[in-house]
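Structure first, commentary second.
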2 protein chains.
Amino acid sequence: MVSVTTWNINSVRLRMPIVADFLKQEAPDILCLQEIKCEEHLFPYDAFRALGYEHFAVHGQKGYHGVGTVSRIPIQEYSRHDWQANGEARHVGVELAEGPGKGTVIENVYVPAGGDIPDREQNPKFGQKLDFLERMTRWADGIERPTLIVGDFNIAPLESDVWSHKQLLKVVSHTPLEVETLQRFMDAHGWSDIGREHIKAPERYYSWWSYRSKDWRKGDRGRRLDHMWASPELARQATAHRVLEDARSWEKPSDHVPLTTEFAL
Amino acid sequence: MVSVTTWNINSVRLRMPIVADFLKQEAPDILCLQEIKCEEHLFPYDAFRALGYEHFAVHGQKGYHGVGTVSRIPIQEYSRHDWQANGEARHVGVELAEGPGKGTVIENVYVPAGGDIPDREQNPKFGQKLDFLERMTRWADGIERPTLIVGDFNIAPLESDVWSHKQLLKVVSHTPLEVETLQRFMDAHGWSDIGREHIKAPERYYSWWSYRSKDWRKGDRGRRLDHMWASPELARQATAHRVLEDARSWEKPSDHVPLTTEFAL
DNA sequence: GACTGTGACG
DNA sequence: CGTCACAGTC
């Protein structure tokens, strides 16, 4: 069995105390973090080692973005794409280096948020987000090995992925254009949406609640921005999937919560 | 009996938890804070009221400096000098409004730090500090009522007020020029240095330890920058004086510790 | 609302 | 080392 967690941590240095709590409690084999917000040499390697996580693939930059994959089973860095070709650290890929599942690829990605206005002309960041997804789509077309891609996709595709489909139709993260673009990425490889295989629509499923409200539970205005997608054959080996909503209430929380999937490898 | 505390708090909003602890523990009648670092409308009045302190004289500004006098016995704002005439909030004066000691004046002051280089030409801030003290000296010359002046004077006048007289002779806060300038202020009214009346030189007496060292106790590199000076007749009524060095070890401490004097009024 | 870096100030 | 302000991002 191999378990994998994805978590947009919104500063790994600031959040290391709750990351440690999470690892002690949930003990996934592999933890994929997004928005680590630090350069690679400032990543808290020692704190992870002290918890038994001794394998790393970190793609960081100063201040913004950045992803890091941390593991207690051997992994090997496999790829590091810059799909925007602008130097931003938004992806790192690893493969399982030993044991059952050896060669399985785990891609950790942080898709651009896309700014406020869902219009390429008025808001270049929205265009960048779509372009990023389209380049990922072309890349996915050539995937030949069993692959798990996880991370903050910054898109909530289904109606039951948001607290109000109607009120979010023109809000970046849930616009039809983004949803279609994400669908093309899905089709390019035939990804299986593990989250929705285990928590079927139309059941409510969120992974993010804004900081901009006193009580995140009040109104439950969440969105499912974080995802775990697998190649079809790998998806069939997923035996369990959990969303740790409680983490949104922890001390100094991230605005995202961790998602975990177990695989019978 | 009336007890008065002076404490450079280095942000009253950030430090309110330890201020509350202090008031519960020491319960002075009057608390004079410096470096409150907030505008008046952001001063935590309610937190003080909840502790039984319902009388205030606050002179604040955005971000820097600022002084506030908080009392559980009636006080009345008396003066608010701008000795530099540059709009900085560095002084507020009150008088006891009722009971024994009615009319006694308590001045709360935050003398400019003076920058790094002890030279007017190279460092205008050093000149401003001296000018500030000289204007206070002219003001002190006209004092006619029993007065207590407390606060962060940013000068450690005596050899035993610093961890190394020799090593600090050219360090702003202990230069001969500052010490002479402070002495002229003392002479202008005949102030009595209550701290040194109770803890006589050459006994070690510090009220500040820099943040710039891991362990403030290591080497004990302190300075006596905070003072409580009284008119001669008032000084004779001072019955006790304490320095709460422990406060330097509290959770998220200020770099200054509170000084308290009791008066038999 | 909460994070980052920066720069000023101590 | 540690505070605040500011601007940028999400």
Side-chain angles (χ1 to χ4, degrees), chain A residues 8-16 18 33-39 42 60-66 88-90 110-117 123-126 128-129 152-155 171-173 207-216 218 221 223 225-226 248 250-256, chain B residues 8-16 33-39 42 60-66 88-90 110-117 123-126 128-129 152 154-155 171-173 208-216 218 221 223 225-226 248 251-256:
Chain A
N8 178 318
I9 199 60
N10 187 16
S11 174
V12 68
R13 288 177 293 173
L14 206 67
R15 224 74 71 191
M16 199 56 220
I18 63 168
L33 297 170
Q34 301 86 40
E35 284 207 84
I36 60 171
K37 291 191 173 176
C38 66
E39 292 178 293
L42 295 173
Q61 68 178 82
K62 199 187 232 181
Y64 301 104
H65 323 313
E88 288 180 356
R90 295 182 173 276
Y110 174 52
V111 174
D116 284 335
I117 305 166
N123 169 23
K125 285 184 189 167
F126 190 70
Q128 280 167 17
K129 181 178 192 173
D152 179 358
F153 292 9
N154 266 314
I155 296 174
V171 172
V172 174
S173 73
S207 68
W208 172 90
W209 292 260
S210 170
Y211 283 127
R212 303 181 204 192
S213 97
K214 307 243 169 204
D215 179 4
W216 68 280
K218 194 187 165 192
R221 301 193 164 189
R223 304 181 203 168
L225 302 180
D226 302 276
R248 189 62 180 75
W250 290 354
E251 195 81 1
K252 284 206 138 229
S254 168
D255 43 354
H256 296 252
Chain B
N8 179 319
I9 198 60
N10 187 16
S11 175
V12 68
R13 288 177 295 172
L14 206 67
R15 223 75 71 193
M16 199 58 219
L33 297 170
Q34 300 87 41
E35 284 205 85
I36 60 171
K37 291 191 173 175
C38 67
E39 293 178 292
L42 295 172
Q61 67 177 82
K62 198 187 235 180
Y64 301 103
H65 323 313
E88 288 180 356
R90 295 183 173 275
Y110 174 52
V111 174
D116 283 334
I117 305 166
N123 169 24
K125 286 183 190 166
F126 189 70
Q128 279 168 19
K129 180 179 192 173
D152 179 358
N154 266 314
I155 296 175
V171 172
V172 174
S173 72
W208 173 91
W209 291 261
S210 172
Y211 283 126
R212 302 180 206 196
S213 99
K214 308 242 168 203
D215 180 3
W216 68 279
K218 193 188 165 192
R221 301 194 165 189
R223 305 183 203 168
L225 301 180
D226 302 275
R248 188 63 181 76
E251 194 80 1
K252 283 209 138 229
S254 169
D255 45 354
H256 295 252

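We name chains A, B, ... by the order of the sequence lines, and we start the count at 1 in each one.
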Counting any heavy atom closer than 4.0 Å, what does His65(A) reach on the DNA or RNA strands: base, sugar-phosphate only, or nothing?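 Answer is sugar-phosphate: His65(A) comes under 4.0 Å of backbone atoms only.
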Of the non-hydrogen atoms in Ser173(A) and Leu225(A), which two are nearest, and what is the gap between them?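 Closest heavy-atom pair between Ser173(A) and Leu225(A): CB-CD2, 3.9 Å.
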Residue pair Ile117(A) / Asn123(A): nearest heavy atoms and the distance that separates them: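 For Ile117(A) and Asn123(A), the tightest heavy-atom pair comes out as O-ND2, 2.7 Å.
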DNA chain C: 5'-most and 3'-most nucleotides touching chain A, 4.0 angstrom heavy-atom criterion: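 Terminal contacting nucleotides, 5' to 3': dG1(C) to dT6(C).
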Listed by chain and number, what are the ring pair (Phe, Tyr, Trp, His ring centres under 6.0 Å) partners of Phe126(A), not counting sequence neighbours?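 Phe126(A): no ring pair (Phe, Tyr, Trp, His ring centres under 6.0 Å) contacts found.
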Atom [atom1] of [X] to atom [atom2] of [N]: distance rounded to whole Å?
| X | N | atom1 | atom2 | value |
| --- | --- | --- | --- | --- |
| His256(A) | dC10(D) | NE2 | P | 11 Å |
| Tyr64(A) | dA7(D) | OH | P | 13 Å |
| Ile155(A) | dC10(D) | CD1 | P | 14 Å |
| Glu35(B) | dC4(D) | CD | P | 11 Å |

Closest-nucleotide ordering on DNA chain C, the 5'-leading residue of Arg212(A) and Lys62(A):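 Taking each residue's closest nucleotide, the earlier one in sequence belongs to Arg212(A).
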Using a distance-only test with no angle check, is there a side-chain donor-acceptor pair under 3.5 angstrom linking [X] and [Y]?
| X | Y | result |
| --- | --- | --- |
| Asp152(B) | Gln34(B) | no |
| Lys129(A) | Asn154(A) | no |
| Tyr64(B) | Glu88(B) | no |

Of the nucleotides dA5(D), dT3(D), dC1(D), which has the atom closest to the Lys214(B) side chain?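 Nearest listed nucleotide: dC1(D).
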Flag, side chain of Arg248(B) to backbone of Trp209(B), donor-acceptor distance under 3.5 Å: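 Confirmed, Arg248(B) side chain pairs with Trp209(B) backbone.
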Counting distance only, does the side-chain N/O of Arg90(A) pair as donor-acceptor with the main-chain N or O of Tyr110(A) below 3.5 Å?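 Yes, the answer is positive, given that a donor and an acceptor are paired below the 3.5 Å cut-off.
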Could you summarise the pairing of DNA chain C as dot-bracket text, marking Watson-Crick and G-U pairs under 3.5 Å with ( ) or [ ] inside the strand and | across strands? |||||||||.
dC10(D), OP1 or OP2 - any side-chain N/O from Lys37(A) closer than 4.0 Å?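 Result: no.
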